[in-house]
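Some notes on the structure that comes next.
What's counted below: heavy atoms across the whole structure, side chains too, no hydrogens, waters or symmetry copies.
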Amino acid sequence: MGLGLFIIMIAVGAILTFASDWELAAVDLDLVGLILMGVGLLGTAVYTSVLRRRRRMVVPPVAPTVTDDDRRDLL
């Protein structure tokens, strides 16, 4: 699940909560929309937290490179 999925969940939840006036007998669409928005916000926070940790560890230290000219200077 990527960041786009969580943003879509927030958008669908907001549409169900604030922009729809559908009535279903067994389902409260306002509550479903609030749940979707909550899960989307929580997922976005967790995803960005994990992504921030990955970016810190990905960059390896740079080792100096030795060229042929540097080897000749040592001899």
Side-chain angles (χ1 to χ4, degrees):
M1 293 194 304
L3 185 61
L5 178 66
F6 295 123
I7 293 172
I8 289 172
M9 287 175 74
I10 294 169
V12 169
I15 289 169
L16 286 176
T17 301
F18 303 116
S20 68
D21 58 352
W22 299 329
E23 296 289 330
L24 296 176
V27 179
D28 185 10
L29 289 179
D30 290 337
L31 182 62
V32 171
L34 288 173
I35 291 171
L36 282 174
M37 285 191 293
V39 170
L41 287 173
L42 183 66
T44 301
V46 169
Y47 184 82
T48 55
S49 170
V50 169
L51 186 64
R52 221 179 278 156
R53 275 194 219 144
R54 282 188 193 165
R55 285 189 179 169
R56 276 192 226 148
M57 293 190 291
V58 167
V59 179
V62 177
T65 57
V66 178
T67 61
D68 288 335
D69 293 334
D70 293 337
R71 290 184 187 164
R72 290 183 188 150
D73 291 339
L74 293 175
L75 295 175

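- Linking ILVMFWY side-chain heavy atoms closer than 4.5 Å, directly or via other members, places V32 and L24 in a single hydrophobic cluster.
- With hydrophobic clusters built from ILVMFWY side chains whose heavy atoms lie under 4.5 angstrom apart, L31 shares a cluster with V27.
- Note: the hydrophobic cluster containing M9 does not contain I15 (ILVMFWY, side chain heavy atoms under 4.5 Å, direct or indirect links).
- In this structure a side-chain-to-backbone donor-acceptor pair under 3.5 Å is missing from T17 to A14.
- Interatomic distance, T44 OG1 to I10 CD1, rounded to the nearest 0.5 Å: 4.0 Å.
- Between the side chain of S49 and the backbone N or O of A45, no donor-acceptor pair lies under 3.5 Å.
- Under the 4.5 Å side-chain heavy-atom criterion for grouping Ile, Leu, Val, Met, Phe, Trp and Tyr, V12 is connected to Y47 within one hydrophobic cluster.
- Note that CG of L42 and CE of M37 are 14.0 Å apart. Values are rounded to the nearest 0.5 Å.
- Residue V39 comes nearest to F6 through the heavy atom pair O-CD2, 4.3 Å, listed as atom of the first residue, atom of the second, then distance.
- Following chains of ILVMFWY side-chain contacts shorter than 4.5 Å, one can reach I35 starting from I7, so the two form part of one hydrophobic cluster.
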